[in-house]
Structures are given as structure tokens and as C-alpha cells.
Amino acid sequence: MKVLIVGANGQIGKQTVEKMVNDDVFTPTAMVRKEEQVKAFQDMGAETVLQDLEGQVEDIAAAAKGKDAVVFAAGSGGHTGADKTMMIDMDGAIKSMEAAERAGVKRFVIVSAIGVYDRNKWMSKAPYYSAAKHYADEWLMRSGLDYTVIRPGGLKNDRGNGQIKVAKEVERGEIPREDVAETILASLKDEGTIGKDFDMISGTDDIADALKRL
Ligand code: NAP
């Protein structure tokens, strides 16, 4: 499966690309925005494409052309203001969806954030962040794409243990980025996750089993 990873230089993105390189099912292409980011992925054995999410949809579509799936794992990060959150987490995500449609790529997996589907759960200190994620997810779910929306809880850099809890709605909690990356690969392998959106925190179920029960 040929996969374009948008936000590949990010912490989840990089682990996703690395896991795909080491999994016979996948041929990943890392979408990065700076020339100096390319070498690390070439060293890993992954293809790369240089493209900024603030660029044109047709250029993102060119990057997606010929792929079987797009994974969106980008985000503007906590150090930026509401403007960049809107332009990357929302508009960048939607541009990636439009690009997938233009390129004829049906499968799309997005990394969102826990609870954003419910306005009552939006982050009180940064409601614009929750709104950006909410509307990107909504756009995807209303598109004709074969979507999976993964909404992880607080991200940690601990090693993953492959044990998760997923459901439409789960209590707030945390999860290692490695387990999110594993869940992206597992979702792409399991067609039963098409049309599913779910919260995710660390738990007691193996990833593949947890996804089957959704
Ligand atoms: P991260 O390390 O901040 O990575 C985000 C990536 O997005 C970076 O590689 C960045 O590129 C890329 N990006 C930003 N602007 C871009 C642009 N204009 N064009 C192309 N790429 C761009 O994120 P993470 O920790 O892996 O998290 C992934 C996602 O999970 C994010 O959407 C985040 O909001 C979400 N999330 C976070 C939490 C949490 O607890 N922090 C919880 C749930 C969900 P550069 O490397 O070039 O800067």
C-alpha cells in the first residue's frame, strides 16, 4: 500500500513512516516542507516529497497522485497562535482531503484529538484548537473519502506497549505517540475501520482487536 504521510517530520509522523518502512505491506512517502528534513527519511529508506501545507491544493494533489492512502498527522503545534492552528490543523487538513480527492486517492486517515466532536468537551484554554480539529474531522466525515478519524488523548513520548482503549467516546487519558503510529498502520490494514471515528487512550486491548470491536 503506497501511503503519503502529511506531517511526516512530526513526532507521530516520523514513527509512522519508520514503522511503514519496516512493514512489507507499506511503501511510505514522507511529505516534509524543508529540504534539510529530507535526508533523515532517505536514510530510513522512505521516499520523500517537499510540500508545504500552506501551498496550493494542486501541488499537494501531485504529491498524493498514485498513492493508495493519505495519512494526515500534521499540526501547527502549541507554540503557534490561533491563526496557524486554523491554517494547518483545519485548512491544511481540508486541503489534504481535497488533494486526495483530486488525485483519486480514496483512503484517508486523520490524527485528530480526544473529545473534539463534542463542543462541551472543547479545550477551554484553546477552543480554537478544538474547533479546528472538529471541523477538519467533520469535513472528512462528510466527504466521499474512505475515512478513519483517530482522536488520541494526551500524547506522551514513552515507548508504546500496543495496548489501547478505543470507543466513540472515552474518558480523558494519555497515550504514547508510538501506539498512535501503530494504530494508524493497523487502521490502514483493517478495512473495517473505514467510516469509523474514535477516541483513544492507553488501555488493555491489543490494537488490532480493539479496532475490530469498533
Ligand atoms: P508535531 O510533532 O508537532 O508534528 C506536526 C508536524 O506538522 C510537524 O512535522 C510540522 O512540520 C508539520 N507541519 C506544520 N506546519 C506545516 C506546514 N505548513 N506544512 C507541512 N507540514 C507542517 O505533532 P505530534 O506530536 O506528532 O502530533 C500529531 C497531531 O496530534 C497534531 O495534529 C496534534 O495537534 C495532535 N494531538 C496532540 C495531542 C497532544 O497531547 N499534544 C493530543 C491529541 C492530538 P515541521 O517539522 O517542519 O515543523
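Counting starts at 1 for both ligands and their atoms, in listed order.
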Parallel, tilted or perpendicular: rings of Phe108 and Phe72 (30°, 60°):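 Rings of Phe72 and Phe108: parallel, under 30°.
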Side chains of Ile150 and Phe198 in contact at under 4.5 Å (non-hydrogen atoms):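 Yes, their side chains come closer than 4.5 Å.
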Protein residues that have a heavy atom under 4.0 Å from any atom of ligand 1, sorted by chain and number: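 Protein residues near ligand 1 are Asn9, Gly10, Gln11, Ile12, Arg33, Lys34, Gln37, Asp52, Leu53, Glu54, Ala73, Ala74, Gly75, Ile88, Asp89, Val111, Ser112, Ala113, Tyr129, Lys133, Pro152, Gly153, Gly154, Leu155, Arg177.
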NZ/Lys84: more than 12 non-hydrogen atoms of other groups inside 6.0 Å: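 Not more than 12 within 6.0 Å, no.
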Side chains of residues 206-214: which donor-acceptor partners sit under 3.5 Å, not counting sequence neighbours?
unit_1 : atom_1 : unit_2 : atom_2 : d
Asp206 : OD1    : Gln163 : NE2    : 2.5
Arg213 : NH2    : Asp205 : OD1    : 3.0
Arg213 : NH2    : Asp205 : OD2    : 3.1

Residues clustered with Tyr117, ILVMFWY side-chain links under 4.5 angstrom: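 Noted: Tyr117 shares its cluster with no other residue.
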Cut-off 3.5 Å, no hydrogens considered: what does the side-chain donor-acceptor table look like for residues 2-15, sequence neighbours left out?
unit_1 : atom_1 : unit_2 : atom_2 : d
Gln11  : OE1    : Asn157 : ND2    : 3.4

